[in-house]
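Data block below; observations after.
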Amino acid sequence: MHFDDLVNGFPNLTTTGLTQGAIYALIALGYTLVYGVLRLINFAHSEVFMFGTFGAMWTWGWLGFGSTSGRPGLGTAIMLIALGLVVAAVVSGATAVVVELVAYRPLRRRNAPPLAFLITAIGASFVLMELMGAATGRIQFGMPPLLPSNPVINVGGWRITPLQLATFVVALVVMFALDTFVQKTRFGRGIRAVAQDANTAALMGVNKGKVIALVFLLGGLLAGVAAVFHNMKTGNTRFNVGFLIGLKAFAAAVLGGIGNLRGALVGGLLLGLVESYGSALFGSNWTNVIAFVVLVVLLMFRPTGLLGESLGRARA
Amino acid sequence: MSAVTDLWHRVTGFFNQSKPARIGLIVVFVAFLYVLPNREFYEYLNIPGVWIPLYTTGNDMAFVLFTCTWTILLALGLNVVVGYAGLLDLGFFGFFAVGAYTVALMTSPESKLITEYNWFESPYPWLVTVPIAIALALLSGVLLGWPSLRVRGDYLAIVTLGFAEVIRIIAKNQDWILNGDRGIPQVGHPPGTWPDGTPIFQFDAKPYYWLALTMVIVAVFLIRNLVRSRVGRAWVAIREDEDAAELMGVPTFRFKLWAFAIGAAVGGISGSLWAGYNNFVNSATFSVENSILVLAAVLLGGAGNQAGAILGGFLVVYVPEWLRSVGDVFGWPKTVRVFDINLDVSPTSLRYAFFGVLLIVVMIFRPQGLWPNRRRAAEFKDRRQAVVVGEGVG
Amino acid sequence: MDRKPLLEVDNVTLRFGGVVALDQVNFTLYEGEILGLIGPNGAGKTTCFNAMTGVYLPTEGQIRFRGEQISGRKRFRITKMGMARTFQNIRLFPEMTALENVQVGADAHHRTSVPSALLRLPRHWQEEKQGRALAEEVLDFVGIRHRIHEVARNLPYGDQRRLEIARALATRPTLLCLDEPAAGFNPAEKASLLELIRKIRDSGVTVLLIEHDMRLVMGVTDRIVVLEFGKKIAEGSPAEVRDNPKVIAAYLGVPDAA
Amino acid sequence: MRQRFTRVVGGVALFALVAVGAAACKKDDAGPGGTNGAACGLKIGFFGALTGDNAGLVTPIKQGAELAVAQYNDKNKDCTVTLAEFDSQGSADKAPGLATNAVNDAKIVAMIGPAFSGESEAANPIFEQAKLPAITPSATRPSLSTKGWTIFHRGVGNDLAQGPAAARYIKNVLKAEKVFVVDDQSAYGAGLVDEAKKILGTAIVGSDKVTEKQQEFGATVSKVTGSGATALFYGGYTAEAAPFLKQLRSQGWQGKFLGGDGINDANFLSVAGKDSEGVIATCPCAPATAAKGTFVQDFKKKFNADPGVYADVAYDLANIFLEAFQTGKVTRADVQAFLGSYSKTGAASGVTYKWEANGELDPSQVVVWAFEAKGNAWVPAQEIPKS
């Protein structure tokens, strides 16, 4: 136990925890969206995220910004980030939709039992990860430095770097946009209708197939956004980068109440904070233990997560 | 084609009807399994294109089969939890770890229990530690189940996943007795010597395979006893409708806990066998991926059916291992050059990708698993018909 | 008849958040009778039922079964004490055969657990034999003996209802609670169901019947309790209840009252 | 019907019996040392993680050996040698079967590997039983040489050589008074740090452990910045070290970053980019010779990538075995004897390969150098004195 580490580093631990939490939340939304509509843990979502990290990296590399190049000016950096976001979102979104078409749709058409989906999800995850591994020689790739590292805020040791600020702001904006989309638009109503009762929704003229594809696409887009910030934050990627972060994001989704959009946000941020404080207190190697213990204890008392399940009906 | 299917139906029908025939077939099949690891078996048959490619040239066949059998044991244990009681457990490998570490700690002369903590002076023989390993695995099943069985469905999945992670991370910490990545070497072996005085159980995987196969057979019979009793009915009732089961007088919590404990005990046996063979135990083996693989085995084979679990356990190990050698056997290229980049396309390297494709394809065409419980298959037929009818109306 | 109280519902109130599902409900069920619990949709019949069988814990008040407080007890223990039930929307174990479904009920009083089943100890054999005999007897009693090896999901609707009753009877209850057993039945089926309910009562089992269909309830019950909006509005013999203006109002107020 | 059944069962039973009989009669024809003296068609085994999470670490090592074999085969087209790969995925649980398979292949008379210490514990007893000489290019756990395996050889210095040397460098050369130590809990990383700690003593102002595959080091970074450390010693591999360093720098930590040979590879420079400037990596190897120059170029030409850690070692080790084959040492026993009297400097790594009885490199030959990252290359800084 290192209470002094926790106390001394508290402000910075909070910032890093929230930043990491925002990334978790973005990925967690992908799990939650799919779960809300299909009652399905999309295990391949971690690979959707991983494809996004490579998409952004290759785009930057193609434009001449590799890991060893110098830091570009702020304007260029913002352009690059924006471009990276678009490409990563498109790559991840497309991957997610392909996974849906290849691995899930045929099963849905055959009305397969839920656990069969779990297995195809695992299969899809293997395929995507191993293909990327073979294509990239299973080595690690560095990211170009984009944003400057001198803090925008520096008050008595409490530092917020531009990247942390950007991550947090973009994540919040994206999540707000998603929430609006689901609550206010026609497509959003379709999603909620299918989530609540797929068959009735179909009778009311909602195209279930389209809605499901849309949900995968949205989850993929968000994973792409997360991928870019993950790239910049950790400065690297490799073929198996998705597994651990996917697991954490899934835990975050469960923590907040899987199927609940705002739950994913709360769960992600909370998990980020818990990990950050916990690893200061006990050491980084115990991070996952702390995260899971918190999760398990919470589920004992709130068996459906912090905010419960709300995108669809409560579990029967 | 129809002649073949007709013959197949007649043969299977005959075996279904005649009990002695069925038992005879099973006995022959088991005998076949015992001779399977002998390379000479294949050389004797020597049918190129059929037998030789099935022999894994990229890895020792006896070792592959031994890995298959301990995975099958795990699958059988998990099948009790997932297949019969319907509890989604993503952390099943944790119990394997408990079994393996118990054996390693008690039989290795380099165990910290001996060298640092002085709990006992000399290592115990392997055989003595196995019951202890099973008991501890069972106990850990109960300890995990007690708090976590209150949550249901997918939430249970994440709780069990967390449990396995926690076990792994604790194992990873070098300062504790499990010695982390440095692990515990010189784990004890089962007793017995060949007539010439060399130990039976040492580095050769064959005797271990035979031992594990025997354990599989014993486990199948014991689990079958449970399934065809009040316990099995209670499990299936819980799986089908937990609330209704409880209102019909089934002590659901107790039986769910039993399912966990039984599954864990079988997992513990598997772990202790593995530790005995592998001679070295460290934290790297107990990753979440392995738990997921065992779950894939159960569902690939067919949940709720022991034969299915066995088939699944065999396939998840054998297929990737076979793919290791298939490239050599058929002489496929290893790399392809695309745009100046060497792409590694050898089946060895891509074997898990192929395996993933296999999982998807099987689940698309047989969502209930390759060898489902007969009733599940019927249910699936019903569901498909329901879909067809539903679509007709809509 | 010796009016020995079997089940006492004593001032039971049940609230979900702000909603009062049951409001100070009082009634007593005596041994050997058939009590009807009726009321329009949403009157709280099934809620009352669920409170009795331990699914919900009453916010206030007590439920006593054979003089013992039961609220807060484990559900399977309540079943073991002698109270069994069926469900409004059938909840069989769909993948089990009819026999196995009933055997689950028969197992309620069995003590075989993992060790004796694992090693096939004498108790296991003995209880298996008893359970099987009981199950066959009960299936015979409800009239679906010929369906014994069929999977529950494949049974016709009416037989599924009967199977549910058989499963409940196999727990050897003193009180059998039937939740709308005639839902979806045609008149002929209803008539034969009435027969069955009487037969059950005659075999010494007290019956609590929740029903929507007034005519059915009138024909078979000894006494009736009427609920509306979670409150008891009337209690008495079928004739008394039929003439009670409150009951008439309640039923007329609901357009789809039968 | 019944007749047909009897025939079927009888047939199958007969079949099984014959098979058992055949199995009992025939002996394992594949045994150690069963070669006929010809150097052609021999195989060198390579044992390590070629797929899975750790493949990125081991694949370059394999490629180093592959390069040596390819160069040999170019020169000896009529009598080639192959490199037999055994992909253990780095896990001890897959090692025994592969080891058995390697041992059963009589053509394999030499083994490079196993790459990791964990799998070595499981595989080496099997090699020992079959007397298959093995040199590991990268497993540095000190205890491996104490198990009494005669076939065991280590192509690099172990953690006992490198950990203290790194510590001495921090203490005597950098004169850092506030040192933070981090390890990744791997046998390698933790071993290195444990040894270094003994020498650093009170200079340590803080420590943390991370885990493999970790990507997010926020908490550790904040501990480091909070501790006021001016130097950080990292025990572990590039995969975690590079992102960790980047995150340290992005949070404004300006101290000196040091690591062991686990980060002394081109990939570290490429992943960390500009942030790698000034990083120190120790290595139980000598600086580049002229020969090493061609190794790097050859490697790049063949694999379109920079050589990773220990790729040079594997290249040298493969060449030692090939030299043995060329001098007619074509059985396992011969190769083993050849290694026993070998004493030459490797072309690529600059290490003098001379083994002690326990399989460790001759301590007088083990030199530990510090390399500094300058302009995206590892530049030799100085040899670290032995005390």
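Chain naming here is simple, since letters A, B, ... match the order of the sequence lines and numbering starts at 1 in each. Note that the coordinates shown come from a computational prediction; the quantities given were computed from them, not determined experimentally.
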With a 4.5 angstrom heavy-atom cut-off, could you sort out which part of D:Gln89 is near chain B: side chain, backbone, both or neither? side chain

Rounded distance [0.5 Å steps], CG in B:Asn279 versus CD1 in D:Ile126: 8.0 Å

Should the pair D:Lys94-B:Glu321 be classified as a salt bridge under the 4.0 Å nitrogen-to-oxygen rule? no

Closest non-hydrogen atom pair, D:Arg141 against B:Arg182: NH1-O, 2.9 Å

Contact origin within D:Ser186 toward chain B - heavy atom pairs under 4.5 Å: both

So does D:Glu212 pair up with B:Arg168, basic N to acidic O under 4.0 Å? no

Verify, without hydrogens or angle tests, whether B:Asn278 (side chain) and D:Ala92 (backbone) share a donor-acceptor contact under 3.5 angstrom. yes

Rounded to the nearest 0.5 Å, the CD atom of D:Gln185 sits from the CD1 atom of B:Ile169 at a distance of 8.5 Å

What's the verdict on side chain to side chain contact (heavy atoms under 4.5 Å, CB included) for D:Asn104 and B:Asp60, showing C-alpha distance, side-chain angles and the deciding distance? CA-CA 8 Å; D:Asn104 286 344; B:Asp60 184 40; 3.8 Å; yes

With side-chain contact (heavy atoms from CB on, under 4.5 Å) as the test, pick out the partner of D:Pro96 among B:Phe63, B:Phe280, B:Phe66. B:Phe63

Pair B:Glu110-D:Lys147, side chain to side chain contact (heavy atoms under 4.5 Å, CB included): steps then yes or no: CA-CA 11 Å; B:Glu110 293 191 26; D:Lys147 314 260 174 188; 3.5 Å; yes

